[in-house]
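Below: the structure, in structure tokens.
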Amino acid sequence: MTTMPLVPVEAAPPCDSRACVLETRGLTKSFGGLVAVNAVSLRFLERQTHAIIGPNGAGKSTLVNLLTAHLPPSGGRILCRNTDITGLPAHRMTGLGIGRSYQKTNLFPSFTCFENCRLAAQTRLPTSMRFFRPAARYREINRHAEAALDLCGLSARRDRVAGTMSYGEQRQLEIGMVLASGPEILVLDEPLAGMGREESERMVALLRGLAPHFTIILIEHDMDAVFSLAEVLTVMVNGTLLETGPVEQVRASVAVRDAYLGDGAEAY
Amino acid sequence: MTSIPRPVAMLLIALVVLLALFPSCGGLVFPAKHAFLMQKLAGIMILAMMAMSLDLLVGVTGLVSLGHAAFFGLGGYALAILSPEYEAANIWIVLPAALAIVAAAALLVGFLSIRTSGIYFIMVTLAFGQMGYYLFNDSRAAGGSDGLSIMETPAIEIAGRTLLKLADSDSFYYLVLALFVGTYALLRMVLNSPFGQVVRAIGVNENRVRGLGFDPVRYKLAAFTLGCTLAGLAGFLAAAQYGFVNPTMLSWHHSGEALMMVILGGMGTLFGPAIGAFVFELARFGFESTTDHWQLLMGGLVVTIVLVLPRGLAGLLLDLARRGGKQP
Amino acid sequence: MSVWFILIQVLNGIQYGLLLFLVASGLTLIFGLMGIINLAHGSFYMLGAYLAYWLTGATGSFALAIVLAIPLAAVVGLVLEAGLLRTLYRRSHLDQVLLTYGLILIFNEGQRLLWGGDVHSVAIPELLTGSVRLTETLSYPVYRLWVSLVCLALAGAMYLVIQRTRFGMLIRAGACDRDMVAALGIDVKLLFAAVFAAGTVLAAVSGAIAAPLSSVGPGMGDTVLILCFVVVVIGGVGNIKGTFFGALLIGLADTFGKVLIPDLASFMVYAVMAAVLLWKPRGLFA
């Protein structure tokens, strides 16, 4: 890969006084000869919605998998609140307050909605190596699960078996599960993928409600949604950062227009 | 765990009540064969305990183990080796000791096998199971392929007074029944606990569980150890019942049969594998008494079950109950 | 313990390892290509041994027995593949384990029906009865050397087929990516059937040529099956090279185990497996 980032990687502007909760420094991932993510340095601030866009194959999903330790990086570092978390196993991310949703619906289809959320909420316990008291009698956990169902708008579906719900509802539940684990940082991998217009609108409303309370890292193709939700926008092309900054600034950038948003913007 | 529909629960309770009444009333129905049938039923309940414990691994956690019999046999051998030669062993000492031995072995084998997954796990558990088999088969101290006899079956004592002699067939039958029901209750409790939620989820989608923030390896290891230890308890009882142990208790054919009971009964349901054990053993009993070549029929039965009843008898029962429940 | 004695054990170990390789290679190829775990693979080994016993008795010639056993084993493989295993390709490993376990029961009982429960022996063909004298007291049987050579020749032939022919290329491609072979527009059914039959024949031939070395009796398939699993675990599933070295390692471990610590002989093999699992859980050559 010869393309160099057009914007210097250290250029994330210190225009914001909010604390940086997650940061990547020169993060790189290669699969054999293919460099999927190339020296990406980004800073994600507290309670900021940070959207990452780019054409298919730009490395967005790989970046998500790196941020959530689902893949080990080939180079570079990841810092969470200034602590190096590079190389920690995936199951440690929840404890660090990083929750993620998946691009392809990834829940437990034989569990009810509530059980799905309760399982996620159980990560709040120091350990789930508890064999005797029924899970139903852990009040605190159940309360968090109910609250998450409420937040994602599925209270009415509490006892439905997840696999029997509509696609849009399963996507909502996916968000509910992330919330139930009590994260501070939400890494959402294309939450709107495959949704109809109505379902999308419901999901955007849901995310807008969450935005003031969480750091959200949003991978999304739907530009309307991105522009209505994000404060900061990062554009990736071929595994590198093309541009990153406040939404309006990036939107106005000539490079981005030419490379990506241009005429084809509607297509995304 | 989704609760069991009422008609199925009633059926199960009725079956347990029948089992409980058998020692006192069975003689009226089968006067000639009462003692034999009681022994047979106790034996089947022991196998049902083994099948339920295997269900925790296979049906719930998704760990397809072909080495389960090794832990069953180890429980039996532990009793045989720990029993004093000329007096009845005190169960308060030998049972915990036997279970501790089995648990330690399960922890070790589990630690090594759980590093692998899928087809590797199947092959590795099979291989470790055979390792146990050969360990006892080749070792002169453990009686080689002839096995060991237990001269005096253990007794339950409290403060020097013998409460229960396992050699007494009625006492033994009730003890087995109590432990059989107890095993079910214990596993049901564990499945409803936070731990149970995690292992159930691992059985469905291990990667997602990791993504949620649980380390699947630890939970799988704990489930493996618990399941194997319960199999050890069943083996302990089997050794006490027959008064001897031999390496075939550990053989992989025995593991295969336990797996068969789980599938026949319906995996992941806990009560299914128990039913499976009864049906499997009764089928074998029926085949054995009709033909010398009963294995042929058994093999045919197994192949048929896999092809036509993938969810087992429990699946059938649950479907019937649900359909019945919708009509009124 | 003299150098010659150790040499003899090494030769025995290699010979046993090569036999295991022939059986295990079929197992691992079938898994690599079709995703099927076949517990009944050991039964094919037993089938080969019984065919050798039966046909040698019927024809009076061990060589003829082997020649006749090959097409018979191939037919058994083809019938099983078409009749039963084909339904399993898309099903879980658990179903495969159970169905092929059921097959073992049927095979074992079929063997008892056809040949009874007795243990038989097969005479070493006259041409190969001699032994090579090593020292005044030690000698090595020619037949064992011949078995090793046959196994090596078959392994070499397998290598050539897999590396040099279109058929082999498809097997390699399929082991890497099962769906790709289907996408190439090849008759996958035919390919699977051919590989399954080839695996069956390899196992049966191993059983046949091993028959004069050991007794032919019930349950002989089990031991081999489980050792083959150990070999495959050590070498890595679907990995022919790994299977080859894994088989030699296990053959040597088993042989030396029996000589050095007879009380725990069978234990050795599993200890080796445990060590490999600790070190490289996905196999030595993964």
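Keep in mind that the numbers below use all heavy atoms, side chains included, and drop hydrogens, waters and symmetry copies. Being a predicted model, the structure only gives us computed values, none of them experimental. Numbers restart at 1 for each chain; the letters A, B, ... are given by sequence-line order, proteins then strands.
Side chains of C:Phe229 and B:Thr125 form no contact here, defined as non-hydrogen atoms less than 4.5 Å apart. With contacts defined as side-chain heavy-atom distances shorter than 4.5 Å, the pair B:Ile119/C:Phe31 qualifies. Side chains of B:Met267 and C:Leu94 form a contact here, defined as non-hydrogen atoms less than 4.5 Å apart.
Only the side chain of B:Phe111 comes within contact range of chain C, with at least one heavy atom under 4.5 Å from a heavy atom of that chain. Only the side chain of B:Val64 comes within contact range of chain C, with heavy atoms under 4.5 Å apart. Looking at C:Leu225, the atoms closer than 4.5 Å to chain B (heavy atoms on both sides) all sit in the side chain, from C-beta outward. At a 4.5 Å heavy-atom cutoff, B:Val109 makes no contact with chain C through either its backbone or its side chain.
Most heavy-atom pairs under 4.5 Å with chain B: of the set C:Gly110, C:Cys228, C:Pro281, this distinction falls to C:Pro281. With chain B as partner, the option from C:Leu113, C:Val232, C:Val230 having the largest number of non-hydrogen pairs under 4.5 angstrom is C:Leu113.
Side-chain N or O atoms of B:Tyr120 include one that pairs as donor or acceptor with a backbone N or O of C:Val237 at under 3.5 Å. With hydrogens and angles ignored, the 3.5 Å screen pairs a side-chain donor or acceptor of B:Arg115 with a backbone N or O of C:Leu278. Remark: the backbone N or O of B:His253 is paired with a side-chain donor or acceptor of C:Tyr101 at under 3.5 angstrom.
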